[in-house]
Amino acid sequence: MNQSQGQQTSEGRHEDDAILADFLASLMDYTPTIPDELVEHYLGKSGFQCPDVRLIRLVAVATQKFIADVATDALQHCKARQSTIVKDKRDKQQKDKRLTLTMDDLSKSLREYGVNVKHQDYFADSPSAGLDPASREE
C-alpha cells in the first residue's frame, strides 16, 4: 500500500470518528419520543445493561424510525386495500374519506420486516357485543 493511500485512509477514519463523536454528543440534547426509561426497561429485560444515556437514546431513535417505517407501510397497505373497493361502494365512500387501519394491514407491513404477528379471531354472540351498554339498541 502506498504511503499517500494510507494517509488518506487515516484522515478518512479520523473524519468519520469526528462525525460519530458529534452525533453522539447531539444525542445528549435530544429528547426522543420513546422515553429513556422504557428503552432501558426492555434492554434490561433482554440482558443488556448500559449506563451511557447516548446509547439508550440511539436505540430509542432507531426504534422510533422502525415504528415510523412500519406505520407508513401499513398505511400504504390500507390505501391499496381500500382502493380495490367496487365502484358502487366507492360512491358512498367519497363522503367519508377516513382510512381504517386493520390488523391485517399492520401484519402485512410487519411481515416485510421479518416480524410475524398472529392474532386471534374475534367472535361475538351478537353484533352489539363489545359495545358500550349505553350505545346498544335494545
Side-chain angles (χ1 to χ4, degrees):
M1 180 160 69
N2 185 330
Q3 183 179 2
S4 64
Q5 287 177 336
Q7 188 177 8
Q8 288 175 351
T9 304
S10 176
E11 288 173 2
R13 189 171 297 140
H14 179 67
E15 187 177 310
D16 289 345
D17 290 345
I19 291 170
L20 180 61
D22 289 343
F23 175 71
L24 288 175
S26 71
L27 286 175
M28 291 303 294
D29 300 328
Y30 178 72
T31 304
T33 304
I34 301 170
D36 293 342
E37 294 80 14
L38 184 66
V39 176
E40 287 175 3
H41 170 75
Y42 282 103
L43 286 176
K45 237 179 141 173
S46 68
F48 183 81
Q49 297 293 327
C50 180
D52 192 355
V53 176
R54 299 174 302 175
L55 186 59
I56 301 297
R57 291 191 178 160
L58 182 62
V59 171
V61 169
T63 304
Q64 183 177 336
K65 170 80 168 98
F66 175 75
I67 291 170
D69 288 348
V70 168
T72 301
D73 289 350
L75 177 63
Q76 296 306 317
H77 286 288
C78 177
K79 287 179 179 179
R81 177 180 46 82
Q82 290 189 347
S83 70
T84 60
I85 296 174
V86 290
K87 181 69 175 148
D88 57 328
K89 290 185 180 179
R90 186 171 289 160
D91 294 335
K92 180 183 175 187
Q93 187 186 14
Q94 292 299 329
K95 296 175 186 171
D96 186 19
K97 292 188 178 188
R98 292 181 293 172
L99 298 173
T100 304
L101 185 66
T102 64
M103 190 64 190
D104 289 333
D105 299 327
L106 185 60
S107 296
K108 287 177 186 176
S109 176
L110 284 168
R111 197 172 304 124
E112 292 174 9
Y113 291 92
V115 179
N116 293 321
V117 176
K118 294 181 181 179
H119 55 279
Q120 295 293 326
D121 292 328
Y122 180 75
F123 297 103
D125 296 334
S126 69
S128 63
L131 294 177
D132 182 31
S135 66
R136 289 185 185 171
E137 295 176 19
E138 301 283 331

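With rounding to the nearest 0.5 Å, the separation of CG in Asp104 from OG in Ser109 is 12.5 Å. With rounding to the nearest 0.5 angstrom, the OH atom of Tyr42 is 11.0 Å from the CD1 atom of Ile34. In this structure, CG in Asn116 is found 9.0 Å from CG in Leu110, a value given to the nearest 0.5 Å. Leu101 CG to Cys78 SG: the interatomic distance, rounded to the nearest 0.5 Å, is 5.5 Å.
A salt bridge between Asp69 and Lys65 is present, with a side-chain N of the basic residue lying under 4.0 Å from a carboxylate O of the acidic one.
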Donor-acceptor pairs under 3.5 angstrom involving side-chain atoms of residues 19-26: please list them, not counting sequence neighbours.
residue, atom, partner, partner atom, Å
Ser26, OG, Phe23, O, 2.6

Which pairs would a plain distance check flag for residues 49-58, meaning a side-chain donor or acceptor within less than 3.5 Å of a matching protein atom at least two apart in sequence or in another chain?
residue, atom, partner, partner atom, Å
Asp52, OD1, Arg54, N, 3.1
Asp52, OD1, Arg54, NE, 3.2
Asp52, OD2, Arg54, NE, 3.4
Asp52, OD2, Arg54, NH2, 3.0
Arg57, NE, Asp36, OD2, 3.1
Arg57, NH1, Leu27, O, 3.1
Arg57, NH1, Met28, O, 2.9
Arg57, NH1, Tyr30, O, 3.2
Arg57, NH2, Asp36, OD2, 3.2

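Checked against His77 for a side-chain hydrogen bond (donor to acceptor under 3.5 Å, both in side chains), the options Lys108, Glu112, Gln82 give a single hit: Glu112.
Connection of Val61 to Phe48 is established within a shared hydrophobic cluster, with ILVMFWY side chains joined at heavy-atom distances below 4.5 Å, either directly or through further cluster members.
When all heavy atoms are compared, the tightest approach of Leu106 to Ala74 is CA-CB, 4.1 Å. Contact between Thr100 and Arg81 at its shortest, heavy atoms only, is O-NH2, 2.6 Å.
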Evaluation steps, side chain to side chain contact (heavy atoms under 4.5 Å, CB included), between Arg111 and Val117: CA-CA 8 Å; Arg111 197 172 304 124; Val117 176; over 6 Å; no

Can you check side chain to side chain contact (heavy atoms under 4.5 Å, CB included) on Leu75 and Leu99, steps first, answer last? CA-CA 8 Å; Leu75 177 63; Leu99 298 173; 3.5 Å; yes

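In this structure, Asp105 contributes its side chain and Thr102 its backbone to a donor-acceptor pair below 3.5 Å.
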